[in-house]
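So you know, we letter chains A, B, ... as the sequences are listed, proteins then strands, and number each from 1. None of these values were measured; they are calculated from a predicted model.
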Number of protein chains: 2
Amino acid sequence: MTTDFKQQTTVTLAEVAEAAGVGESTVSRVLRNHGSFSGKARERVLDAVERLGYVPNRIAGTLASAGSRLVAFVIPSLTNIVFPDVLRGAGAVLEENRYQAVFSVTDYEPEREEALVAAMLAWRPTAVMLAGFEHTEGTLKMLRASGCRVVELLDIDGTAIDLAVGFSNREAGRASAEFLLKRGYRRIGYVGHDLGRDTRAGKRFEGFREALNLAGVPLVDREIRAGASSVGSGRAGLEQLLRRAPGLDAVYFSNDDMALGGYFHCLARTIPVPTRLALFGHNGLDIGQATPQPLTTIRTPRVATGKLAAELVINDHPSHVADLGFELIEGATA
Amino acid sequence: MTTDFKQQTTVTLAEVAEAAGVGESTVSRVLRNHGSFSGKARERVLDAVERLGYVPNRIAGTLASAGSRLVAFVIPSLTNIVFPDVLRGAGAVLEENRYQAVFSVTDYEPEREEALVAAMLAWRPTAVMLAGFEHTEGTLKMLRASGCRVVELLDIDGTAIDLAVGFSNREAGRASAEFLLKRGYRRIGYVGHDLGRDTRAGKRFEGFREALNLAGVPLVDREIRAGASSVGSGRAGLEQLLRRAPGLDAVYFSNDDMALGGYFHCLARTIPVPTRLALFGHNGLDIGQATPQPLTTIRTPRVATGKLAAELVINDHPSHVADLGFELIEGATA
DNA sequence: TTGAAAGCGCTAACAA
DNA sequence: TTGTTAGCGCTTTCAA
């Protein structure tokens with residue numbers, strides 16, 4: 001219960017050099033295994049490092065050498081498992097290459113994104129990773145002026161600043177509609193969360209409506225819930241929608257969380273799925289495939305997106321838009 | 001599709017000073033709003049900053065002033081929503097106070113934790129946040145020698161290095177058992193994930209068995225699944241357990257993910273819950289409360305843990321163990 | 001209120 | 001193969 005351990009044990013490279021009886025640059029070379037040095041020098045340095053418990057100061061190292069090996073993630077949410085999945089994919093690759101991930105969360109607010117990007121740039125990251133293409137003018141300007149790599153994630157429908165990795169949400173929406181139409185559903189509704197903020201969900205919905213229009217099938221009704229997506233919101237949303245439009249035979253949800261909520265509503269009210277009502281989600285979360293009836297949905301390349309994004313940055317790949325595609329899971333709810 | 005934007009636009013404080021016609025230290029004072037300067041100086045500096053698009057370099061700032069305002073999270077997983085929740089709680093507080101969160105993921109491997117802690121310390125963070133009390137000797141040694149604050153999260157059953165914020169997993173396990181016993185269940189089983197790695201789940205299970213022993217009720221059978229917890233694993237686990245011990249009247253799960261899987265198994269096999277089989281989870285995830293029957297479980301203070309951890313660090317609070325407790329949700333599955 | 005100057009701990013020429 | 005030295009871009013005395 002004391003704080004007496006809190007003594008900055010600032011062992012510096014100079015002290016290691018002193019203790020090892022070599023010059024500072026030799027210590028630096030040995031530690032980074034770069035440049036040339038004798039076996040004996042190496043031994044003495046490593047010995048001194050061990051004895052003194054030296055931990056290199058990357059702050060100083062970065063300042064002296066430019067490259068920060070810091071990658072900044074500015075993501076909308078940690079609650080929506082989509083983003084932790086991307087972080088996970090990127091994290092593994094970054095770590096192998098001795099990069100460090102820094103992050104902050106925008107809550108889907110473009111103004112917060114701008115502020116957070118500004119804060120991130122102060123760390124001179126190698127790259128900044130953002131969700132999608134919709135940013136404020138200020139964000140764009142800063143990013144372009146920064147000289148660091150920019151990766152826009154989970155979207156390819158738009159104009160990239162530099163790199164973009166993801167899939168077409170618009171196409172995903174279209175594919176979802178086409179599947180429902182092919183299965184013969186004609187009285188179709190939609191349950192979504194706040195689309196103004198989650199622009200990728202908005203693009204899916206647009207693609208979905210486009211395909212319906214093309215087939216001359218009207219969207220019967222829609223229920224847009226305020227706030228973020230969640231299972232609870234999906235459940236309440238479907239209940240609300242069915243109250244207004246009891247004759248629906250299929251519902252498209254803004255994502256799997258919402259769709260799972262819808263599925264639970266059906267279970268609770270013993271609405272037969274899909275015979276009486278079909279449900280279609282988006283993301284292909286594991287949990288949606290473990291329910292009594294696996295969810296009909298689209299599996300998105302979240303981990304792969306993070307992984308590729310990190311690889312492109314590490315290899316300093318030229319500007320590029322990478323489409324990782326998606327996969328329709330037929331499931332049992334549609 | 002070009003990389004021509006990639007020109008390091010390194011506007012420095014010196015250039016701002018030059019452009020504003022003041023000294024470097026004046027620019028520094030104005031920008032940090034610290035020390036004294038005239039209104040006129042302020043104006044000229046801010047004007048120059050705006051004109052040049054200056055972004056302060058925190059790497060340099062940190063090196064010059066010691067305090068990094070970096071908080072390092074070394075967490076076991078991003079898949080288990082528990083840790084994103086903690087990050088979320090901490091993130092909000094840190095950001096308000098101009099701290100930056102850095103993270104890496106151990107996959108529940110103590111050796112990886114050690115390596116990652118070492119990497120983190122190189123950034124001279126203000127604090128390192130870890131899950132629980134079980135660390136390698138090397139990790140402990142580094143952390144103690146580092147002079148930075150250490151917060152151990154989501155556990156209080158053990159000896160803290162410095163700060164600890166969480167709840168008693170052992171108590172949670174006990175409370176879960178006592179609840180089942182009080183409800184009259186006597187043929188009790190357990191379905192868990194890899195306990196060697198998730199030591200907090202292990203402590204819950206220990207507490208659970210303790211309470212059963214105290215009541216003279218044996219644990220009929222247990223199914224321990226390899227790998228991380230997941231809904232799918234819980235579902236398969238319950239199926240397996242019931243095959244061996246069909247007479248069970250209640251099952252305790254290592255967490256809500258596993259319990260949801262169990263619940264889905266029951267739905268799929270139309271096993272009446274809780275009349276034929278009761279289910280008990282742990283964590284109180286939202287999704288578990290949106291199922292047709294809300295899960296009987298224990299709500300854990302995940303966001304609050306992150307929040308308090310950040311506050312303690314920011315206020316440089318003396319070493320302390322904070323018990324945030326937990327709450328039993330009666331639900332409808334037990 | 002202000003500026004000059006000395007570092008912060010390291011890397012990267014450059015000589016030796 | 002090695003050591004010396006000049007920065008990296010800031011903050012922080014210290015005088016003025």
NA contact type, [X], heavy-atom cut-off 4.0 Å: base, sugar-phosphate, or nothing?
X       : answer
B:Ala17 : nothing
B:Ser36 : base
A:Arg32 : sugar-phosphate
B:Arg29 : base

Whole Å only: how far is the [atom1] atom of [X] from the [atom2] atom of [N]?
X       : N      : atom1 : atom2 : value
A:Arg42 : D:dT2  : CZ    : P     : 13 Å
B:Leu13 : D:dT12 : CG    : C1'   : 13 Å
B:Leu31 : D:dT12 : CG    : P     : 13 Å
A:Arg69 : D:dC8  : CZ    : P     : 22 Å
A:Asn57 : D:dC8  : CG    : P     : 18 Å

Please compare B:Ser38 and B:Ala64 by the position of their nearest nucleotide in DNA chain C and report the one closer to 5'.
B:Ser38
B:His34 (side chain) donor-acceptor with B:Leu31 (main chain) under 3.5 angstrom
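It does not hold such a pair.
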Output yes when a side-chain donor or acceptor of A:Thr26 lies under 3.5 Å from a complementary backbone atom of A:Val22, and no otherwise.
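Between the backbone of A:Val22 and the side chain of A:Thr26 there is no qualifying donor-acceptor contact (under 3.5 Å).
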State whether a side-chain donor-acceptor pair under 3.5 Å links B:Ser38 with B:Arg42.
no
Measuring from atom OH of A:Tyr108 to atom CG of A:Asn80, what distance do you get when rounded to the nearest 0.5 angstrom?
4.0 Å
How long is the gap from CD on B:Glu137 to NE2 on B:His135, to the nearest 0.5 Å?
11.0 Å
Nearest to the side chain of A:Leu63 - D:dC8, D:dT11, D:dT2?
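So the nucleotide nearest the side chain must be D:dC8.
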Taking N and O atoms by type only, does the side chain of A:Ser25 place a donor or acceptor under 3.5 Å from a partner on the base of D:dG3?
yes
Of B:Ala60 and B:His34, the one whose nearest nucleotide on DNA chain D sits closer to the 5' end is B:Ala60
Contact under 4.0 Å: B:Ser65 side-chain N or O vs D:dT11 OP1/OP2:
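So the side-chain polar atoms of B:Ser65 never come under 4.0 Å of the phosphate oxygens OP1 or OP2 of D:dT11.
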Is the NZ or CZ atom of A:Arg69 both under 6.0 Å from the centre of the six-membered ring of A:Tyr99 and within 45° of that ring's axis?
yes
First contact, last contact: which nucleotides of DNA chain C are these for chain A, 5' to 3', heavy-atom distance under 4.0 Å?
C:dG9 to C:dA13
Report yes if some heavy atom in the side chain of A:Tyr54 is under 4.5 Å from a heavy atom in the side chain of A:Leu13; otherwise report no.
yes
